[in-house]
Amino acid sequence: KGHKYLVNGEEYPSVTFILDKVVPKQLGWWGMVTGVEGVCELYHQGKITDWTDPAGITDLLTSNKLTVNHRRDQRGDVGKALHKDFERFALEGVLPNEQTYADEDRPRVRALNEWIVRNEPEFQVSEVVTASLENRYAGTLDAKATFGKGKFKGAYVLLDLKSSKYIYPDSHWPQLEAYEAAEV
């Protein structure tokens, strides 16, 4: 809760909390693009008539839930749903149903399903809470599995699902490394 874990009666910060503090996020560009997309959406809906009123446009973005914060929360909800579906697959073998997602999110669901079919992961456990007593941090990795086929057939892996548009090696790799070190 609140990016903290209780380990042997002591609060440990989460791996993602630590990474958020250590690895700077390049959110300025994303925020600007999100704002421009919101203004374009309002324009296409015919809601913007006065281009000289930034405060009015900001109010319209807010009332139409097109701000950076709204978009971040929407994307977070999709990520949580994908994680839940991934866990369901790990436990029950049921592939995520892309029809339960919005059109813009279906490519992510298709990509996840294609990855599952291509690798046939055999899950040992999912939603694994782990902690490093030595380094005093904790986290939850999505699964431990062995690939049943594909390029890495037979490989035992720690998995942490990402629903972002891109791979971010500066934060994604250290997160998995931290989980692996905690598991040791």
Side-chain angles (χ1 to χ4, degrees), residues 1-20 23 25 30 34 65 69-133 135-184:
K1 186 174 183 178
H3 291 285
K4 292 184 180 180
Y5 289 79
L6 195 60
V7 179
N8 296 331
E10 189 176 344
E11 281 189 354
Y12 282 13
S14 73
V15 171
T16 53
F17 177 81
I18 294 168
L19 286 172
D20 284 347
V23 179
K25 291 192 176 181
W30 174 80
T34 300
K65 298 185 178 180
N69 292 342
H70 289 105
R71 189 70 177 149
R72 178 205 59 216
D73 293 346
Q74 290 164 357
R75 302 314 313 147
D77 290 344
V78 171
K80 287 176 189 172
L82 275 171
H83 272 80
K84 192 171 194 165
D85 279 349
F86 185 65
E87 182 181 13
R88 183 170 182 224
F89 177 80
L91 296 172
E92 302 171 19
V94 177
L95 284 172
N97 179 356
E98 72 176 77
Q99 299 304 316
T100 62
Y101 290 82
D103 289 344
E104 70 176 316
D105 301 317
R106 290 181 183 169
R108 286 181 170 83
V109 181
R110 277 194 294 277
L112 175 58
N113 286 341
E114 289 168 10
W115 179 88
I116 289 170
V117 169
R118 186 173 55 250
N119 293 291
E120 287 185 1
E122 299 164 11
F123 294 91
Q124 281 76 47
V125 290
S126 66
E127 292 300 306
V128 180
V129 176
T130 188
S132 170
L133 301 178
N135 296 305
R136 302 167 52 95
Y137 66 82
T140 304
L141 62 99
D142 293 330
K144 295 180 184 181
T146 303
F147 289 156
K149 72 176 193 180
K151 181 178 180 181
F152 300 104
K153 181 179 179 179
Y156 176 75
V157 294
L158 303 181
L159 299 171
D160 197 63
L161 183 68
K162 299 297 180 195
S163 57
S164 56
K165 203 174 200 176
Y166 303 104
I167 295 171
Y168 299 99
D170 289 348
S171 60
H172 292 169
W173 300 164
Q175 184 178 7
L176 282 170
E177 288 178 48
Y179 293 153
E180 183 176 21
E183 285 295 287
V184 171

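Since the structure is predicted, the reported quantities are computational estimates derived from the model, not experimental observations.
The environment of CD in Glu127 is crowded: more than 12 heavy-atom neighbours from other residues, nucleotides or ligands sit within 6.0 Å. More than 12 heavy atoms of other residues, nucleotides or ligands sit less than 6.0 Å from atom OH of Tyr156.
Here the closest heavy-atom approach between residue Lys149 and residue Val117 is recorded as CE-O, 2.9 Å. Between Ser171 and Leu19, the shortest heavy-atom contact is O-CD1, 3.5 Å. Of all non-hydrogen atoms in Asp170 and Pro174, the two that sit nearest each other are O-CG, 3.2 Å. Between Pro13 and Ile18, the closest heavy-atom pair is CG-CD1, 3.9 Å.
Judged by distance alone, the side chains of Glu98 and Asn113 never bring a donor and an acceptor atom under 3.5 Å apart.
At a threshold of 4.0 Å, the pair Glu114-Arg118 does not count as salt-bridged, since none of the basic side-chain nitrogens sits closer than that to a carboxylate oxygen. A salt bridge links Glu183 with Lys144; the closest basic N to acidic carboxylate O contact falls under 4.0 Å. The pair Arg136-Glu10 meets the salt-bridge criterion, with a side-chain N (NZ, NE, NH1 or NH2) lying under 4.0 Å from an Asp/Glu carboxylate O. Classification of Arg106 and Asp103 as a salt-bridged pair holds, one side-chain N sitting under 4.0 Å from a carboxylate O.
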### Query
Checking side chain to side chain contact (heavy atoms under 4.5 Å, CB included) for the pair Leu176/Leu141: CA distance, chi angles, key distance, verdict?
CA-CA 8 Å; Leu176 282 170; Leu141 62 99; 5.7 Å; no
### Task
Evaluate the side chain to side chain contact (heavy atoms under 4.5 Å, CB included) criterion for residues Tyr5 and Thr140: first the C-alpha distance (whole Å), next the side-chain angles of each, then the deciding distance (0.1 Å), finally the verdict.
CA-CA 10 Å; Tyr5 289 79; Thr140 304; 2.6 Å; yes
### Message
One pair to check against side-chain hydrogen bond (donor to acceptor under 3.5 Å, both in side chains): Asp142 and Tyr179. What are the steps and the verdict?
### Response
CA-CA 10 Å; Asp142 293 330; Tyr179 293 153; over 6 Å; no
### Query
Going through the distances and angles, do Phe86 and Phe123 end up as a ring-ring contact (aromatic ring centres under 6.0 Å, His included)?
CA-CA 11 Å; Phe86 185 65; Phe123 294 91; 5.6 Å; yes
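By the 4.5 Å heavy-atom criterion applied to side chains, Leu82 and Tyr101 are counted as neighbours. Residues Thr146 and Pro121 form no side-chain contact, since every pair of their non-hydrogen atoms from C-beta on lies 4.5 Å or further apart. Side-chain contact between Asp160 and Lys162 is present, with heavy atoms from C-beta onward closer than 4.5 Å. Using a 4.5 Å heavy-atom threshold, the side chains of Leu158 and Val128 count as separate.
Legend: residues meeting side chain to side chain contact (heavy atoms under 4.5 Å, CB included) with Asn135, ordered by chain and number and at least two apart, are Ser132, Tyr137. Under the rule for a ring pair (Phe, Tyr, Trp, His ring centres under 6.0 Å), the partners of Trp115 that lie at least two apart in sequence or sit in another chain are Phe147.
Taken from CZ in Arg110 to CG in Leu95, the straight-line distance is 13.5 Å, to the nearest 0.5 Å. A distance of 6.5 Å separates CZ of Arg108 from OG of Ser163, quoted to the nearest 0.5 Å. Residue Lys84 holds its NZ atom at 15.0 Å from CG of Leu161, rounded to the nearest 0.5 Å.
Judged by distance alone, with hydrogens and angles left aside, the side-chain atoms of Gln124 form a donor-acceptor pair with the main-chain N or O of Glu122 at under 3.5 Å.
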